[in-house]
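Throughout, protein chains are lettered first and strands after them, A, B, ... in sequence-line order, and every chain is numbered starting at 1.
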Amino acid sequence: MAEASSFYITTPIFYVNDVPHIGHAYTEVAADVLARWHRQAGDDTWMLTGTDEHGQKILRTATANGVTPQEWADKLVADAWIPLLETVGIANDDFIRTTDARHEANVQKFLQKLYDDGHIYTGEYEGYYCVGCEEYKQESDLVPGAGEYEGQLVCAIHSKPVELLHEKNYFFRTSAFAERLLALYEERPDFVQPESARNEVLGWVRSGLADLSISRSTFDWGVKVPWDETHVVYVWFDALLNYITAVGYGQSDEEFARRWPAQHIVGKDILRFHAVIWPAMLMAAGLEVPKGVFGHGWLLVGGEKMSKSKLTGIAPEQITSTFGSDAFRYYFLRAIAFGQDGSFSWEDLSARYQAELANGFGNLASRVVAMITRYCDGAVPTAGALQPADIEIASVERRATDDSWQAIDRLAIHEAIGAAWALVDALNGYLTAEEPWVLAKDPANRERLETVLATAYRGLGTLAVLLSPVTPVAAAKLWAALGAPGTVQQARIDRAFEAELGERVAPLEALFPRVEVAE
RNA sequence: GGGGCGGUAGCUCAGCUGGUUAGAGCAGUGGACUCAUAAUCCAUCGGUCACGGGUUCAAGUCCCGUCCGCCCUACCA
């Protein structure tokens, strides 16, 4: 199915000033698995990720470090963000930075068009400004003052009174699109997923939309507003546009038509921007809205949303250095229903690593390859007359292939892995029931032995293909050990059960070696 | 304050529009087996479904209330 159809998937772009943690990596991995799966099913796939580099905070930290904001961003991208992708094995097709010329120039083009078409007006922003923080505060950030400031509202951080300031700003008429947005959610129930996210978005839009201030004039690290260079574009407005500037908007109509619209994968915290403001922006510009917006859940540590301020932030390398990138990818996508919040704990991670990856999948590969080596001198045997158990394995392979692909189509990554895993369990059970090590003792059982091993070998091949998007490193090792041709990524995943395999097995090192947990 | 979500076996979670003895995985226990990373396979223990009312022939599943937890309330995946 889906021959050569276009599949364009994005992650949010990272705010470079953040410190990468497993939450960022989680989003990346989810998008990457979907991209790999589609790519391997023959779709014209494109995965985009990148960095968000404008804004006052970055300007400030750059200045504090005595470098220009561009130099600061360059350093963070090179030292933190590109390495993050490598750490968890992301195979993105493009990496956009909001400081790229292709981005900045076309953000201006987009903005100018909205301005020319009357979607932007000049207004006045009024807000509480904290001199200490050098930024506007929401009322929720203010607390009642004490002592000499008794009776006034003060900044929660500095405990000093804030000033009510007015600033000239340009505003985008988000409010004008409320009806069209509601119609969109109505017509396309899966535009915002999962269901809980959709409900939340519906609630927001029904309760009314305020116009969005889209420019700032108190600092200058950003894309200049084309008709008023004393203003720079508000970072979110700037950042969202990466999804189209990266695929040719304003530059190459052909490329743009080929890729757009995209499936966005975002954390549920930024759902509002992606499911409300972004489609409104696109509507204003006369462009197609995204294919869909999927808001995934939080990673919870100790029952609470992971956060660096509470010191629960975990760097991806803490996990990958011990368990490897495959385990990272597998664990978070398998253990957490995609879209829901999920609890992370080292205990759970190592338990699943041991039980599922090492004992389940890894050991299965190991025992099958070892038996073919031992009983057949490494030559892959040919199946003889099939018995019901062998036929059952073949049908499990077929079901795993179909079910997992069908789940991926619904963005149910955890279900897709579960569907593939049914094959791991079936094969382990099959071997125990057929007892090839017993068959091997009597030459009279030779044909049966070879049939069983051929069937198990066939199953392993299917497994390698099905799991390659999730555990690409292990799948490649297994593929090589099976002596299969080319790379496992070249095998069509939507027809995994009939992948072309090999004739001789090669030694296989442990796919997921046992880990001594040092807490 | 307002809004959302959740509270089901030791742990992580399934339980759709209410309907036979509430399920899975892991952990625990017992057994089988030895090809394999002391792995695998089978069996088994284990729950007053947060609490209190209500609706109903029937509620984990609907309604009301209470308690607890988390999150959102315009710029942290």
Quick check for you: among [options], whose closest atom lies nearest to any side-chain atom of [X]?
X        : options             : answer
A:Ile270 : B:A77, B:U37, B:C35 : B:A77
A:Trp437 : B:C75, B:C33, B:A77 : B:C33
A:Met371 : B:C35, B:C76, B:U37 : B:C35
A:Ala370 : B:C35, B:C75, B:A77 : B:C35
A:His21  : B:C35, B:A77, B:C75 : B:A77

5' to 3', nucleotides 39-47 of chain B under a 4.0 Å protein heavy-atom cut-off (B base, S sugar-phosphate only, - none) gives SSS------

Nucleotide by nucleotide, nucleotides 11-18 of chain B touches protein heavy atoms under 4.0 Å in the pattern (B base, S sugar-phosphate only, - none) -SSS----

Mind checking [X] for me? I need base, sugar-phosphate or nothing, with any heavy atom below 4.0 Å counting as a touch.
X        : result
A:Ala440 : nothing
A:Ser196 : nothing
A:Arg334 : nothing
A:Tyr375 : sugar-phosphate
A:Pro436 : nothing
A:Gly267 : sugar-phosphate
A:Leu299 : base

| message | Applying a 3.5 angstrom cut-off to the pairing atoms, does RNA chain B sit in any stems of at least three consecutive Watson-Crick or G-U pairs? List them by first number. | response |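 Runs of three or more consecutive pairs: B:1-7 with B:67-73, B:10-13 with B:23-26, B:28-32 with B:40-44, B:50-54 with B:62-66.
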
Could you walk me through whether A:Ile336 and A:Leu299 satisfy the side chain to side chain contact (heavy atoms under 4.5 Å, CB included) test, starting with their C-alpha distance in whole Å, then the side-chain angles of each, then the deciding distance to 0.1 Å, before giving a yes or no? CA-CA 9 Å; A:Ile336 300 171; A:Leu299 299 186; 3.5 Å; yes

### Query
Would you say the side chains of A:Asn169 and A:Tyr234 form a donor-acceptor pair under 3.5 Å?
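The answer is no; no qualifying pair exists.
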
For A:Trp204 and for A:Gly297, find the nucleotide of RNA chain B with the closest heavy atom, then tell me which residue's nucleotide is more 5'.
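Of the two residues, A:Trp204 wins.
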
Are the charged groups of A:Glu104 and A:Lys224 less than 4.0 angstrom apart, N to O?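 No.
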
### Task
Give the C-alpha distance, both sets of side-chain angles, the deciding distance and a yes or no for ring pair (Phe, Tyr, Trp, His ring centres under 6.0 Å) between A:Tyr243 and A:His274.
CA-CA 11 Å; A:Tyr243 301 127; A:His274 287 81; 5.5 Å; yes

| Reference residue A:Phe219; test side-chain contact (heavy atoms from CB on, under 4.5 Å); the match among A:Lys57, A:His54, A:Gln56 |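 Among A:Lys57, A:His54, A:Gln56, the one that satisfies the side-chain contact (heavy atoms from CB on, under 4.5 Å) with A:Phe219 is A:Gln56.
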
Stacking check: are the rings of A:Trp236 and B:C75 less than 5.5 Å apart at their centres and under 30 degrees in tilt?
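It does not: the ring fails the test against the base of B:C75.
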
